[in-house]
Each structure stands twice: as structure tokens, then as C-alpha cells.
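Heads up, the thing below is written out as C-alpha cells.
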Amino acid sequence: MSKMAAVMESGEDAFKQLFKFYKRRKPPPDFSEVINFSGNLCTGKVVPIKLNPTAVSDAAASRVGLRPALDWRAFGLQGCPGFIFISDPFRKDSQPFWIRQCLKTYPQKPNVCNLDMHMSPCDTQDIWERSVNSLSSPTPPRRQEKSLLERLRWVTLGYQYNWDTKLYSADHYTPFPADLQSLSQQIALGCGFGDFRPQAGILNYYRSDSSLGIHVDESELDHSCPLLSFCFGQSAIFLLGGKQRQDPPTAMFMHSGDVMVMSGQSRLFYHAVPRIVPANPSLFSSKLQNPPAPPDLQTQTTPLETNSVLEPVSEQDWAICLRYIESSRINVTVRQVLGPGQSFPHS
Ligand code: SIN
């Protein structure tokens, strides 16, 4: 019997058991049964998926930093209808831009972050600027306090998600970033969701010892719309269960650049992130190449290519981003909250 099967036999909620198994520090768990979509896929559970590459023009893909859709490697899992895993569809040179957006741009006001829960807006309005000194020193100063960036846990975009009520607010909306909207729509288009409208986003920031508990994303009012998930930085183990908490989950690695789409039945499946896993250093550096910006472009914020949403990332900014993601992971989930013609119920 495999270690995983032995763990599941104890009768406790299968998801919780596996979550604890992969979260365990001592002794560290055996990862041999974790699916690695960027490695050898010998498990019968994985099925290659044919996307809809003609729906995404090469120019539209490139505009948001994606490779031509024909080159996207997409997989599904048996027993998880509607689940799509796209193994790093990003161009080699585009992840630095998206990582910088997640660290420098999206945490800016008017978006909301965990630090706003106990700090005044003027103290949280320049998270990046206030963290740069501490994150750019070659050896981290011995300090009691972590920088604001290191204390960032989540940022919410668009219709603001209320973590206490687990509801979106009709009257608390911050403009959804146009660049992330374009990226999400190209991915959705390639997966057959031409009408996808990104209306809310949650960025989760994970340190090396962070995890995300078992949950279902059901606060959106229309569950027929897919949920998109983008991963950057360090790797993680993702557990995808089923409709019932007792359904045994499948464990898979998520690496920087990987994209997941939860749609159809799997849109409401239980899932969790029990563990952050160090990324393979050589793979990591080959994936994350920041093209040198010409000196006069170092401070430029206009697109590098005509129509592209990508902007050059200055060497200074990239050094801070690299320092951050050396030990951290960023996940961005993008959701459509309301179906076509739907509105929030009056309270
Ligand atoms: C989520 O389920 O909301 C995020 C999952 C992840 O961090 O990959």
C-alpha cells in the first residue's frame, strides 16, 4: 500500500489527512505521488486536453506575454470535469512584468490588502517604496520588523471580497486592472470561455511556511463562469478534491507560470495549498528572464511593443522582485462574480 493510501485509510476526512501529510515538516513527506505537469506524466489520471488555439491570435497572446496558444500544454484530470492545468504558457521574458505588477502595482490604493485591517491608509499606500530599502540591502539587516511587502498576505481587486462575511460588496469596487483583465480573457478564450468577464481578483502571498486551508470558492453569484489561477515565484503543492469533503484529493505541483482553470463541475470542488516547495533553481532562473531595458527605458512605463500590455521592468525593480520570490510564492485568482445581466441582491 502506498504511503498516501495508508494515510487515507485511517478513516478521518480524506482531505484533511492528506493536507496534514503534505504540510508536515518532520519527517518531510514523500512527494513521489505528486503530479508534476512539467515532468514525466506517467500517471493514468492525467489526460492531455485540446484547447481552442485558433480562438487566440498569436499577436493577442504575445500582447499579454503568452506564447502562441498552439504551444500551450494543457491537461485535465480524470474525475475532475472542467479542471484545466496549463503548464506555464508564458513567454520566457514576460513573468518579470507580471511579478512586478503583483508586488508593486496591484497592492497600491485603492485596492485593499490585509495590512489595511490594522493600519491607516496613509501607512499602507506605498508598500513597495517603504519596503525597497530593506529588500535591496545585500545582506538583510538584523531587524525586528519585516518590511510591509514581507507582511503582505492578500490584496483584493475589483468587487471587494469580505473575508468575514465571505461576500462580495456591490458598493465597494476598485477598478479591475486592465492588463490582468486582458491576460485572463486570453486564457479564458483559449479554454473556450469567450464571454469571461474578470470582475474580482484575490492575490495571495505565501512565505515558505504558509499554507491555504481547505475551501470551495462559492461566493461568486454565477458558478457557470470559470475561476482562473496564476502562480508566480516558488512552487507549491495544490490539492484538488471533489464536491464532498470526504472525496480523496489529487496532489499536484504548481510552478511559476502555471495557470489553472476551474470550470464546470470542478468549479465547486474542494481545494487547498498545504505546502510551499522550493522551486528548482535552474528551471526557475531559465523561466524568469527579465529582458534588459535600454538605459533610457529604465524608468519608462509605456509598452515595450506596440499594443503590448507589458512594460519594461527596471533592473532595480527586478532585483527587489527576485529577492522577494526567492522565498515566496504569489497566486492570483481571477473571478467573474455576476453572470450576464445579473446584479447583486438588494440587502
Ligand atoms: C485559492 O484557492 O484561492 C488560491 C490557491 C493557490 O494559492 O494556488
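One-based numbering, in listed order, for ligands and for the atoms of each.
Across R335, H271, R329, M262, heavy-atom proximity to atom 8 (O) of ligand 1 is greatest for R329.
Side chains of K287 and S256: no donor on one and acceptor on the other come within 3.5 Å.
Interface atoms of ligand 1 facing V273, defined by a heavy-atom separation under 4.0 Å, are 5 (C), 6 (C), 7 (O), 8 (O). Here is the list of ligand 1 atoms found below 4.0 Å of a heavy atom in L212: 1 (C), 2 (O), 3 (O), 4 (C), 5 (C). Residue H215 approaches ligand 1 through these ligand atoms, each under 4.0 Å from one of its heavy atoms: 1 (C), 2 (O), 3 (O). Residue M254 approaches ligand 1 through these ligand atoms, each under 4.0 Å from one of its heavy atoms: 8 (O).
Of the possible polar contacts, none joining the D222 side chain to the Q342 backbone as a donor-acceptor pair under 3.5 Å is found. The main-chain N or O of Y22 is found under 3.5 Å from a side-chain atom of R275 such that the two form a donor-acceptor pair. Looking only at distances, no side-chain donor or acceptor of T174 sits under 3.5 Å from a matching main-chain atom of L157.
Close N/O approach between Y206 and ligand 1 is found [any backbone or side-chain N/O within under 3.5 Å].
A cation-pi arrangement is found for R207 relative to Y324, the charged atom lying closer than 6.0 Å to the ring centre and inside a 45° cone about the ring normal.
Taking a cutoff of 4.0 Å between a charged side-chain nitrogen and a carboxylate oxygen, R25 and D209 do not qualify as a salt bridge.
Shortest contact from atom 4 (C) of ligand 1 to any protein heavy atom: N331 OD1, 3.3 Å.
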